Amino acid sequence: MSDPTPTKAPEAPASDSAPVKASSGIMPFLRKIGVENVALVFAIIALAGVIGSQNASFFKPANIAAIGNYVVIMGLLAVVQTVVIIMGGIDISVGSIAGLSSVLAGMIFASSSNWAFSMIVPLAVGAVCGLFNGCVVIFGRITPLIATLATLSSYKGIAQLVSNGRAQGYTGADPVYIFFARGSVLFIPALVWVLIIVAALIHVMLRYTRVGRDIYAVGGNDMAARLSGINVNQRILTVFVLAGVVAAIAGILITARTGSGQPVSGSEGMEMLAVTGAALGGAALRGGKGSIISTIFAVILLGVLMNGMTLLGINPFWQNIAQGALLISAVVIQQLSSGERRVGLPK
Amino acid sequence: MRISKIAAAGLAAALLATTFGCSSGQESAPPATSADAGGDGGASGAIEIAFLQKQGDQQYFVDEIAGAKKAADEAGDVTITSADLGDDANKAISEVEAAIARGVQGIIIVVPDQAVGPNVIKLATDAGIPIMAADDGIVDDAGNAAPFTGFNGTDMGNKVGEKAAELYQAAGWDPADTAILASWKQDLSVCTDRVEGALDKFTSIVGADKTPREIQVGTDNTPTNAQDKATATLTANSDVKHWIVWGCNDENTTGVTTALQNGGVAPADIISVGLGAYLACKDWAAGQDTGNKAALYISGIDVGYAAVKAMVAKIRDNTPLPPETIAATYMADASNYESVGVVCT
């Protein structure tokens with residue numbers, strides 16, 4: 001009996017989204033930069049145009065900065081959720097990890113007054129939480145959805161337990177935390193820089209490194225990936241640890257923004273916004289497809305929508321409806337364009 | 001050679017950064033002009049007030065916005081822009097930033113967590129925009145309270161405890177087979193203040209020796225969750241014959257009361273005193289025999305109205321915002337809920 005012939009694993013797509021076919025005209029150009037990206041940019045421009053025509057304050061630099069700050073926490077979690085989804089998984093515990101990290105940052109800073117220590121420990125705890133998620137998935141043979149549904153509850157409980165359910169510490173007088181909360185570099189808020197840097201690093205990892213190609217391969221076909229020599233378990237653990245660390249960064253920024261460690265407030269429900277951002281950006285929940293740039297555009301679109309609806313004085317209840325409608329519209333358009341037969345449950 | 005180029009580029013970037021558009025975040029932002037912000041000199045013409053609320057989907061807060069818009073309509077040329085902050089402290093900061101960015105003349109905020117108070121006040125005062133807290137007070141980083149309109153949580157709890165004590169004494173129950181079931185979202189300090197206030201007042205009236213044991217139940221402040229938790233509590237305490245119920249809001253007390261009644265406890269063996277009256281009133285309106293005996297009515301309409309009226313006076317006439325405006329509360333029951341102003345939808 002011979003060893004199975006190694007199968008070539010799928011590689012990261014040449015563009016930011018779907019693989020491209022060679023042809024001439026404008027379509028190759030659009031495909032190269034990603035049809036989803038073009039659609040999202042057009043949607044952002046159209047939405048901004050409509051809102052701005054009704055209220056010119058929308059285009060004020062301070063309002064643009066406010067939109068930027070608004071999307072940072074959601075953006076960080078959506079970016080890392082995209083990586084998990086590309087790998088074929090999902091991590092809905094990221095909001096709880098952010099809450100736990102936030103409260104730890106607040107408590108450690110309150111007791112030590114050392115900003116560096118108060119940031120390093122939550123990052124380490126975030127990594128451990130991610131590692132635990134990955135171990136439960138791999139060794140417990142539990143699907144990522146169920147595993148992280150369980151840890152969503154557990155990590156939230158730990159955050160409430162250590163904080164007794166109350167906001168902890170006060171970071172509003174520390175220069176470093178103040179810088180992250182209100183500082184700016186080159187007119188861009190420091191918070192937004194954190195999102196830009198994290199997103200850029202993850203984009204580079206996915207597009208230009210072996211690890212990134214392996215993640216696409218595992219999401220595309222994990223059996224083929226394993227047969228081609230990829231250490232699938234190691235890659236899964238890497239992605240979950242990455243999710244934990246980025247969620248911890250989000251938690252630290254929540255502490256900076258709010259001035260105290262928040263066990264639940266600010267992070268509860270963020271996991272669903274993160275999935276919304278990733279799905280709106282075209283990440284396929286079955287794995288193997290997705291891009292960081294598209295997710296960032298999707299998060300900006302959500303931020304513009306939310307800011308605009310408040311600006312125009314639209315009933316807050318409509319915001320939930322609009323968010324859901326936007327997600328359904330985007331995903332339906334993507335699915336219909338995929339040419340999948342409309343029979344039975346979608347794949 | 002390459003290293004020196006990188007060093008030079010880094011130095012250039014650092015110089016650029018320190019020269020253009022960089023901020024440590026510790027500087028005060030330039031205040032908005034008086035025309036924009038309605039600062040010290042007062043402002044005329046159209047004005048916009050941002051009314052930012054936690055849990056904006058609860059009826060109390062929906063009423064509060066209705067009261068705010070009523071005051072705005074009466075003042076004329078005043079726009080109220082509302083936003084639902086949920087329980088999200090981070091969103092509170094984002095919405096304050098967005099309101100400042102679009103140049104509102106005043107901000108009224110019900111914070112999801114009082115811990116964000118210093119940062120919220122800092123943002124508004126740096127921008128020269130008057131800010132008022134509604135329902136839950138906030139302080140700046142020096143401990144100075146922002147102007148406040150609303151209710152006192154401990155005082156509300158005291159009134160609930162007082163009514164429960166009155167009904168308990170009238171019922172003549174034995175404390176040995178009676179229990180107090182207190183339910184609330186235990187990570188919300190404003191809720192904790194209410195239930196602690198209720199127990200303190202109850203104990204001071206009936207005496208510590210006649211105060212039944214208290215069973216504390218953590219909920220998410222929704223009726224369904226309170227009902228689920230109370231069902232399990234009832235199972236675990238089958239020896240209890242009489243129940244006294246209070247909680248953070250009507251959602252908790254009506255949920256618990258429903259669970260007790262579904263579990264076979266007769267309405268006559270339940271003294272439930274709610275907070276809000278907007279759910280308890282439904283049993284009263286339907287003429288049901290219910291354990292929901294009374295509820296403290298707090299009018300969101302009154303708070304929203306008073307807050308906007310004070311803010312408009314500040315912006316238009318530069319009348320100082322009153323440091324504290326405590327709205328009136330009324331104890332409602334099946335006999336008087338309509339006359340005290342409860343609108344039962």
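On a predicted model such as this, the values are computed, not experimentally measured, just so you know. Below, read A as the first sequence line, B as the second, and so on, with proteins coming before strands; counting in each chain starts at 1.
In this structure, A/Q168 has no side chain to side chain donor-acceptor pair (under 3.5 Å) partners at least two apart in sequence or on a different chain. Taking the side chain to side chain donor-acceptor pair (under 3.5 Å) definition, one finds that A/S118 meets it with A/Y177, sequence neighbours left out. Listed by chain and residue number, B/N252 satisfy the side chain to side chain donor-acceptor pair (under 3.5 Å) test with B/T219 (two or more places apart in sequence, or in another chain).
Heavy atoms of B/Q114 lying under 4.5 Å from chain A are absent altogether. Contacts between B/S82 and chain A at a heavy-atom distance below 4.5 Å involve backbone atoms as well as side-chain atoms. Only the side chain of A/Y170 has a heavy atom closer than 4.5 Å to any heavy atom of chain B. Interface remark: B/V111 contributes no atoms to any contact with chain A (heavy atom separation under 4.5 Å). Only the side chain of B/T192 has a heavy atom closer than 4.5 Å to any heavy atom of chain A. Proximity to chain A is absent for every atom of B/L85, based on heavy atoms less than 4.5 angstrom apart. For A/A256, the part sitting under 4.5 Å from any heavy atom of chain B is the backbone (N, CA, C, O) and nothing else. With a threshold of 4.5 angstrom between heavy atoms, A/S184 approaches chain B through its backbone and through its side chain.
Of all non-hydrogen atoms in A/S57 and B/R102, the two that sit nearest each other are OG-O, 3.5 Å.
A salt bridge links B/D136 to B/K54: one of the charged nitrogens lies within less than 4.0 Å of a carboxylate oxygen.
Of the listed residues (A/R257, A/M306, A/Q160), the one with the most heavy-atom contacts under 4.5 Å to chain B is A/R257. Counting heavy-atom pairs under 4.5 Å between each of B/D141, B/D84, B/D113 and chain A puts B/D113 at the top. In terms of heavy-atom pairs under 4.5 Å with chain A, the best-connected choice from B/V120, B/V116, B/I93 is B/I93.
Taken from CD in B/E214 to CH2 in B/W246, the straight-line distance is 6.0 Å, to the nearest 0.5 Å. Atom-to-atom distance recorded for B/K185:NZ and B/N249:CG is 11.5 Å, nearest 0.5 angstrom. Summarising the geometry, atom CG belonging to A/D174 is positioned 12.5 Å from atom CZ belonging to A/F179; distances are rounded to the nearest 0.5 Å. If you take SG on A/C129 and CD1 on A/I97, they are separated by 5.0 Å, rounding to the nearest 0.5 Å. Atom-to-atom distance recorded for A/I254:CD1 and B/N90:CG is 5.5 Å, nearest 0.5 angstrom.
Identified by a heavy-atom distance below 4.5 Å to chain A, contributing residues of residues 67-75 of chain B are lacking entirely.
Although no hydrogens or angles enter the test, the distance criterion places a donor-acceptor pair under 3.5 Å between the side chain of A/S111 and the main chain of A/I108.
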